[in-house]
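Note sheet for the following structure.
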Amino acid sequence: MSCSSTCYLPPNPIPPLHHHRLPLNRRSLLFLSTTLPLINPLTSTSTAAAPPSPDTTITDRVFLDFSLCPSYFQSRTLGESDLSLCSESEPLGRVVLGLYGNLLPITVSNFKSMCSGTSGSTYKGTLVHKIFPGQFFVAGRQGRRDKGEVKPPPKMVRNTETIESKAFLLEHSRPGLLSLCLSENDDDDDLKLNPNYHNVEFLITTGPGPCPDLDSKNIVFGSVLQGLDVVTSIASIPTYKPGERIRQYNDFAEFIGDERAKSARAIWNRPLKTLYISDCGELKVAKTTLSPTLP
């Protein structure tokens with residue numbers, strides 16, 4: 001067959017595409033898993049910045065002198081005098097405290113005013129009224145001066161830091177930490193209901209370990225710089241510990257609403273020796289800002 005004109009030949013057929021399957025076995029899967037990068041969908045491309053650490057720079061220093069008065073319990077009240085005039089005083093030693101004024105300026109200012117007396121009251125001549133062995137001791141309970149308690153301070157700024165979250169960032173992680181009592185405060189309810197009430201009760205951790213039960217409930221605002229051996233001596237003073245039967249009676253009395261249960265517990269963990277703050281005050285230093293004591 002001949003073509004007198006242009007012949008149109010059919011186009012060449014396109015060869016079919018063949019899909020080659022890779023044989024996947026255990027060895028090939030293991031190879032792929034070690035060579036291909038792993039992508040975690042939960043991992044963010046930008047790392048969130050960690051919150052800044054609390055500023056524990058020591059801005060101020062105060063001192064507390066502790067002593068024993070063997071003759072105090074002979075007469076349950078002091079009359080017109082106070083414990084700072086004890087004639088048979090037995091000094092235990094001085095504790096120097098560094099305060100975190102940048103972190104908690106109001107709490108620090110109020111504590112300093114109680115040590116110096118500018119608040120209209122002072123810790124001088126008042127009792128250390130509770131010792132919890134292996135944990136902490138408590139001082140600064142308000143009440144009657146003739147019973148060795150702190151007179152309510154009339155000249156003090158209201159502490160608004162007790163409701164701020166930053167006040168509870170530091171933990172009671174070691175011995176020698178100074179903390180404002182909130183959950184451990186045992187001032188009388190009549191005082192707390194007074195619109196002019198100011199909380200000045202404080203605790204110092206004695207160790208040997210941390211006190212996690214105090215965290216997020218009390219405010220750490222300083223630490224011991226000198227005199228940790230004095231703190232250890234205070235922790236070793238024997239305290240009143242009720243027997244198991246008395247505890248059971250007290251629990252039952254509290255359960256039925258007997259108000260005497262709370263009054264009875266007030267003497268629990270009270271030192272059997274009269275331990276008191278014989279002197280206190282602010283220490284002036286040439287360098288106003290000291291290096292932090294906590295990381």
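Quick caveat: nothing in here was measured; it's all calculated off a predicted structure.
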Open item on the list: Please give me the minimum heavy-atom distance between S233 and S236, naming the atom from each residue.
Closed with: O-OG, 2.6 Å
- [ ] Please tell me if the side chains of K151 and T122 come closer than 4.5 Å, counting only heavy atoms from C-beta onward.
- [x] no
Task: Side-chain touch S121/Q142, heavy atoms, less than 4.5 angstrom - done: no
Task: Cluster overlap V138 with L177, hydrophobic side-chain contacts below 4.5 Å - done: no
TODO: Group every Ile, Leu, Val, Met, Phe, Trp and Tyr by side-chain heavy-atom contacts under 4.5 Å, then state whether F63 and V95 land in the same group.
DONE: yes
TODO: Work out which heavy atom in M156 is nearest to a heavy atom in S113; give both atom names and the distance.
DONE: CE-OG, 3.6 Å
Task: Contact check, side chains of T59 and Y100, non-hydrogen atoms, under 4.5 Å - done: no
Open item on the list: Can a side-chain donor-acceptor contact be found between N159 and T107 if the only test is distance below 3.5 angstrom?
Closed with: yes
Open item on the list: How close do G98 and L225 get, counting heavy atoms only, and between which atoms?
Closed with: N-CG, 3.6 Å
TODO: Using the six-membered ring wherever Trp is involved, compare the ring planes of F111 and Y123 and label them parallel, tilted or perpendicular (cut-offs 30° and 60°).
DONE: tilted
- [ ] Might you work through the side-chain hydrogen bond (donor to acceptor under 3.5 Å, both in side chains) test for D65 and S278, ending with a clear yes or no?
- [x] CA-CA 6 Å; D65 290 342; S278 52; 5.0 Å; no
Open item on the list: Same cluster or not: F132 versus L275, using hydrophobic residues (I, L, V, M, F, W, Y) connected whenever any side-chain heavy atoms lie under 4.5 Å apart?
Closed with: no
TODO: Please name the pair of heavy atoms, one in D60 and one in K112, separated by the smallest distance, quoted to 0.1 Å.
DONE: OD1-NZ, 3.0 Å
- [ ] Taking all non-hydrogen atoms of both residues into account, name the closest pair between I106 and R158 and its distance.
- [x] CG2-O, 3.9 Å
Task: Value rounded to 0.5 Å, distance of CG in L180 from CG in L104 - done: 9.0 Å
Open item on the list: If we check salt bridge (charged side-chain N to carboxylate O under 4.0 Å, His left out) with R141, which of these qualifies: E149, E201, E184?
Closed with: E149
Task: Distance, nearest 0.5 Å, that separates CG of D215 from OG of S173 - done: 8.0 Å
Open item on the list: Would you say V231 ends up clustered with F136 if hydrophobic residues are merged whenever their side chains have heavy atoms under 4.5 Å apart, either directly or through other cluster members?
Closed with: no
- [ ] For C280 and L64, work out which heavy atoms get closest and say how close.
- [x] CB-CD2, 3.6 Å
- [ ] Indicate if L92 and L97 have the same hydrophobic cluster label, given that clusters are the connected sets of ILVMFWY residues with side-chain heavy-atom separations under 4.5 angstrom.
- [x] yes
Open item on the list: Working to the nearest 0.5 angstrom, can you tell me the gap between C211 SG and R174 CZ?
Closed with: 12.5 Å
Open item on the list: Keeping N269 on the side-chain end and T239 on the backbone end, is there a donor-acceptor pair under 3.5 Å?
Closed with: no
